[in-house]
Amino acid sequence: MWGWIEEKHRRAVIAGLQSGAAAGLAWWLARMLLDNSSPIYAPVAAVVVIGAGYERRVERVTAMLSGMALAVAVSEVGVRLVGSGAVQIGALTALSIVLARFVLDDLLAVTYAGLNAALLVALGGEGWVPDRLLEGAVGAGTAYALVYLVFPPRPSAHIRQAVSNQVSTAVGNLRDVADALRSADRERADRAQRRSDRVDRTVGDLVETFDFSQEVSSFSPWRWRERPATNQLRCRAREFQAVLRDATALVRVAGWHVQDLGRSDDHLAAAIEAVADGIATGGELVATSVEEDEKLEALATMIADARRHADADRRQDRHAHIAVRRAIIAVVDRLEEWIGGIGREETGQISDHAGMSS
């Protein structure tokens, strides 16, 4: 159903639908439970908790409510002591932000402390019964229940998709820079380098997905049974992340080789292509365990090919050539280390594949 939509757009569509449902439900529940005809904080809190991606929502709930609670306390004490006005709004808002920064040390908590302090002081306080805080709690609870109890996502699917996206980008960049090495195409090498920089910038998204998957498998009762498999997948994917980082470094170094020398190098190009094949196969191992032994054997062969091609012209003493060869070996070593980790997962049954390429 969603195959024709890009992952980032699919995420936005799902978050939008969840936010709309949570906002309406939170407003209705707050109106019923708190006897308030216009509980505007409840739908706002629900939307904030759901967010726009795969955030750790329990942390968002805690940060938001903590910021709101601090703002209520500061505004009530401040209004009682110094009253309400332009100067008081500025001073108490600043005080709430500073206190939130030192006490809570969370950007969302600081933001909510400042916003709520400004609003509450402008309204002259709301008394020691924190209606807005209660509305926020209802909204946050509604969002949490909707995401984790009614429509809990499948954590393993999110991890596989996130890793697959990064693998496909990294492999494409490696193949492009290999072609650039063969043809001495400086422009193509430059494009691969720029795209490789984007892979590094998406590492935060991948870590966020790992954390989100852990939270879902821990807090959603419908996903508790999947927790061991999800944890194993998350560990395997997190370790593979190091391979992807080394691959982006290889693209940069190979791109500099082309830019500086403007010469073709078939051996290094073949080695990088073998590395690209190995990373693609590693990505398949993260995504699925089907025919795992066969994939590990194929990966070991690709590693051996990369080493052979990288060492084919060791007499080259140019610094650029040596740097590319070392970057290739770094990725290969990281892949072998990762294979060893899979072997340990399988209680040593397949760890000997790591030595096939030596």
Colleague: For Ser19, give me all partners under side-chain contact (heavy atoms from CB on, under 4.5 Å), at least two apart in sequence or on another chain.
Modeller: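 Result, side-chain contact (heavy atoms from CB on, under 4.5 Å) vs Ser19: Val47, Ile50.
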Colleague: Give me the other members of the hydrophobic cluster that Val98 sits in, counting Ile, Leu, Val, Met, Phe, Trp and Tyr linked by side-chain heavy atoms under 4.5 Å, directly or via other members.
Modeller: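 Direct or chained contacts put Val98 with Phe102.
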Colleague: Give the intermediate values and the outcome of salt bridge (charged side-chain N to carboxylate O under 4.0 Å, His left out) for residues Arg326 and Asp333.
Modeller: CA-CA 10 Å; Arg326 286 178 177 171; Asp333 287 344; over 6 Å; no
Colleague: According to salt bridge (charged side-chain N to carboxylate O under 4.0 Å, His left out), who are the partners of Asp277, at least two apart in sequence or on a separate chain?
Modeller: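 Salt bridge (charged side-chain N to carboxylate O under 4.0 Å, His left out) check on Asp277 returns Arg175.
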Colleague: Roughly how far apart are His267 NE2 and Ile272 CD1, rounded to 0.5 Å?
Modeller: 13.5 Å
Colleague: Let's go through Arg307 and Glu336 carefully: what are the C-alpha distance in whole Å and the side-chain angles of both, what is the deciding distance for salt bridge (charged side-chain N to carboxylate O under 4.0 Å, His left out) to 0.1 Å, and is it a yes or a no?
Modeller: CA-CA 12 Å; Arg307 284 192 185 279; Glu336 286 188 326; 3.0 Å; yes
Colleague: Mind checking what makes ring pair (Phe, Tyr, Trp, His ring centres under 6.0 Å) contact with Phe240, not counting sequence neighbours?
Modeller: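 Residues passing ring pair (Phe, Tyr, Trp, His ring centres under 6.0 Å) with Phe240: Trp338.
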Colleague: Give, for atom CG of Leu299 and atom CD1 of Ile279, the distance between the pair rounded to the nearest 0.5 Å.
Modeller: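 Taking CG in Leu299 and CD1 in Ile279, the distance rounds to 9.5 Å.
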Colleague: Closest heavy-atom contact between Ala310 and Arg325?
Modeller: O-CD, 2.7 Å
Colleague: Find the distance between CG (Leu99) and CG (Leu95) and round it off to the nearest 0.5 Å.
Modeller: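 Atom-to-atom, Leu99:CG and Leu95:CG are 4.5 Å apart.
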Colleague: With sequence neighbours left out, which residue pairs that include part of residues 109-123 fulfil the side-chain hydrogen bond (donor to acceptor under 3.5 Å, both in side chains) condition?
Modeller: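 For residues 109-123, and leaving out neighbouring residues, the side-chain hydrogen bond (donor to acceptor under 3.5 Å, both in side chains) pairs sorted by first residue read Tyr41-Asn116.
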Colleague: Please identify each residue that fulfils salt bridge (charged side-chain N to carboxylate O under 4.0 Å, His left out) with Arg101, with sequence neighbours left out.
Modeller: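 Listed in chain order: Asp105.
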Colleague: Where the side chain of Ser75 meets the backbone of Leu120, is there a donor-acceptor pair that is under 3.5 Å apart?
Modeller: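 Not a single qualifying donor-acceptor pair exists.
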Colleague: Which residue in the set Ile303, Leu250, Asp305, Asp246 passes side chain to side chain contact (heavy atoms under 4.5 Å, CB included) when paired with Val332?
Modeller: Ile303
Colleague: So, are Glu273 and Arg182 salt-bridged, with charged N and O less than 4.0 Å apart?
Modeller: yes
Colleague: Distance check, rounded to the nearest 0.5 Å: Glu135 atom CD versus Arg31 atom CZ?
Modeller: 12.0 Å
